[in-house]
Protein chains: 2
Amino acid sequence: MTTTRPLRADAARNRRLLLAAAADEFAERGLDASVADIARRAGVGKGTVFRHFATKDDLIAAIVLDRIDELNAAGERLLEATDPGAALLEFLTVAAHQRQQRDLSFLHEAGGVSAEVTRVRETMYQTVYTLVDRARRHGAVRSDVTGTDIILLMCAPNYVTSYVSDAPPDLWQRYLAIIFDGLRPEGAHPLPHPPPTTP
Amino acid sequence: MTTTRPLRADAARNRRLLLAAAADEFAERGLDASVADIARRAGVGKGTVFRHFATKDDLIAAIVLDRIDELNAAGERLLEATDPGAALLEFLTVAAHQRQQRDLSFLHEAGGVSAEVTRVRETMYQTVYTLVDRARRHGAVRSDVTGTDIILLMCAPNYVTSYVSDAPPDLWQRYLAIIFDGLRPEGAHPLPHPPPTTP
DNA sequence: TAACAAGTTGACCGCCCGGTCCGCTTATTG
DNA sequence: CAATAAGCGGACCGGGCGGTCAACTTGTTA
């Protein structure tokens, strides 16, 4: 563990500006938004981007890390909730509420990006497994769906709405509700395919 | 309507090879697979690609057109089916069965590509609307979901499985079943957001 | 406030992409 | 079997990308 001396004041400010600009830019244009555009949006030179993040992938990883941290905070809180079904639904709501689908979808991708990301993502997976387990034992979720199933379905609401031109910002709630209804035990039909093991 | 004289034998063969190679390449690497790679895979020069398809987008449009045509054929057949609920499920199955998620996902995108695509896609939408209407009236689908909802959800199963490394090829069936259970009237909870109008 | 390290910048590099073009090959046809 | 047009291919082009670097600016600190 290297004890890094604190950033200079302007550098810290630029770092924050960059992360915000990059998140916005990725959300609007997808992951192939150019580094030059991100720099421009943040009001800094392109070189500054690469001073803070060695590669574009590192920048992405930093954003993903933030998002997963938020999710983990929410998850930890919801592990204490009294109603396990409502807790799982709220976790999924928090996940989907992290605005644009891109932000969420690429947290699955590659994975090899950084050890930090894979570690923090693994704890998120564990949290989901526990939330699902409780909800299932509580009868709020059908017995034949697994934690991995829910992790996979987590991003679906935002994905689905991404094809609607000028979608209202909360449209994902509709599809989260439909999918969640499909996860309930009432009226569940047997599933035609076994669950995957590796998320 | 221009009466085009028939392609030379080798040209027709190359066109078929190109469409197949492009479909494979897009499925494996996504829409930003390079034209050069597609040409190499088809065993032709890069120039040949652009002789058959003026732009890369035209090539994509040609593939999309094929896919939608298949869907329309299946849809037309299923409009005659006796069990409307089973018919809708089978239509979604056919749609998802068109192997890789990319193939399906980009049939939504842009749209401005060609008049032909938008026209044929529009008839596909109409077919779905009718299938959903019948299924709803038959009590196989909850009353508060619309045809647009189903169109949006159509690609979700393949999208979801795309994040599973070495997913078994039929894994999408599992998630189609879960989502379809969410579309049934039994145990449906009221939806928190009105449906979108523009698909 | 002087001196220095930390930070910034934009011109620049190599690479790969979609698309063009023209000399060459080949299927077709009378 | 010519003659010809249809088809082919790959060198080539402009542009945009991620990433580098050396000259310059600025926050920090003694």
Side-chain angles (χ1 to χ4, degrees), chain A residues 2-64 102 106 109-110 112-114, chain B residues 2-64 102 106 109-110 112-114:
Chain A
T2 55
T3 45
T4 49
R5 29 210 278 30
L7 283 180
R8 230 169 66 175
D10 56 342
R13 193 191 55 115
N14 280 343
R15 190 174 199 279
R16 261 182 289 110
L17 287 176
L18 270 173
L19 282 171
D24 288 348
E25 199 72 14
F26 286 143
E28 283 177 19
R29 304 212 204 273
L31 276 192
D32 32 353
S34 79
V35 173
D37 282 348
I38 293 171
R40 198 170 309 124
R41 187 167 190 144
V44 303
K46 198 171 66 153
T48 305
V49 180
F50 289 101
R51 172 159 196 89
H52 287 277
F53 309 96
T55 70
K56 185 181 175 179
D57 280 344
D58 285 345
L59 171 56
I60 295 173
I63 296 176
V64 171
R102 316 269 185 191
F106 63 66
E109 290 178 6
V113 249
S114 95
Chain B
T2 57
T3 46
T4 50
R5 25 211 282 31
L7 283 180
R8 234 168 66 175
D10 55 344
R13 194 192 53 116
N14 280 342
R15 190 175 200 279
R16 261 181 290 110
L17 287 176
L18 269 173
L19 282 172
D24 288 349
E25 199 72 15
F26 286 142
E28 285 178 16
R29 304 212 204 271
L31 275 191
D32 33 352
S34 80
V35 173
D37 283 348
I38 292 170
R40 198 172 308 125
R41 188 166 190 146
V44 303
K46 197 170 66 153
T48 304
V49 180
F50 289 101
R51 170 157 200 89
H52 287 276
F53 309 95
T55 69
K56 185 181 176 181
D57 281 344
D58 284 346
L59 170 56
I60 294 174
I63 296 176
V64 170
R102 316 269 188 190
F106 63 65
E109 290 178 5
V113 249
S114 95

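Residue numbering restarts at 1 for every chain, and letters A, B, ... go by the order of the sequence lines. Keep in mind that this is a model prediction, so the values were computed, not measured.
- The nearest whole Å value for the distance from the CZ atom in A/F26 to the C1' atom in D/dC17 is 13 Å.
- What you find for B/T48 and B/L18 is that their closest heavy atoms are O-CD1, 4.2 Å.
- Contacts between residues 33-49 of chain B and DNA chain C, defined by a heavy-atom separation under 4.0 Å, are made by B/A33, B/S34, B/V35, B/K46.
- Expressed to the nearest 0.5 Å, how far OG of A/S34 lies from NZ of A/K46 amounts to 8.0 Å.
- For A/H52, a side-chain nitrogen or oxygen approaches OP1 or OP2 of C/dT8 to under 4.0 Å.
- Closest non-hydrogen pair, A/D32 versus A/R29, comes out as OD1-O, 3.9 Å.
- We find that B/R13 and B/D10 are not joined by a salt bridge, their nearest charged nitrogen and carboxylate oxygen being 4.0 Å or further apart.
- B/R51 places its CZ atom 7 Å from the P atom of D/dC8, with the value rounded to the nearest Å.
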For nucleotides 26-28 of chain D, list the nitrogen or oxygen atoms of the protein found under 3.5 Å from its nitrogen or oxygen atoms, one pair per line.
from: D/dT26; atom 1: O2; to: A/R8; atom 2: NH1; distance (Å): 3.3
from: D/dG27; atom 1: O4'; to: A/R8; atom 2: NE; distance (Å): 3.3
from: D/dT28; atom 1: OP1; to: A/A9; atom 2: N; distance (Å): 3.3

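- Under 4.0 angstrom from either OP1 or OP2 of D/dG7 there lies no side-chain N or O belonging to B/N14.
- Between A/D32 atom CG and C/dC17 atom C1' the separation is 13 Å, expressed in whole Å.
- For the pair B/R13 CZ and C/dT28 P, the computed distance is 12 Å after rounding to whole Å.
- If you take CG of A/D58 and C1' of D/dG18, they are 13 Å apart, rounded to a whole angstrom.
- Put simply, NZ on A/K56 is 8 Å from P on D/dG19, counting in whole angstrom units.
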Q) Between A/R15 and A/L19, is a side-chain contact (heavy atoms from CB on, under 4.5 Å) present by the stated rule, with each step listed? A) CA-CA 6 Å; A/R15 190 174 199 279; A/L19 282 171; 3.6 Å; yes
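- The side chain to side chain contact (heavy atoms under 4.5 Å, CB included) test with B/N14 singles out one residue from B/R51, B/H52, B/R8, and that residue is B/H52.
- B/A12 and B/L7 make their closest contact through CA-CD1, 3.9 Å (heavy atoms, listed as atom of the first residue, atom of the second, distance).
- One finds the CD1 atom of B/I60 at 11.0 Å from the CZ atom of B/F53 (value rounded to the nearest 0.5 Å).
- Proximity of a side-chain donor or acceptor of A/K56 to a complementary backbone N or O of A/L31 within less than 3.5 Å is detected.
- The two residues B/A23 and B/I63 make their nearest non-hydrogen contact at N-CD1, 3.7 Å.
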Interface polar pairs with nucleotides 1-3 of chain D, N/O, under 3.5 angstrom:
none

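- Taking 4.5 Å as the limit, every side-chain heavy atom of A/V35 sits out of range of all side-chain heavy atoms of A/L59.
- Here the P atom of nucleotide C/dG7 and the CG atom of A/L17 are 15 Å apart, to the nearest Å.
- Atom CZ in A/F50 sits about 17 Å away from atom P in C/dC13, given to the nearest Å.
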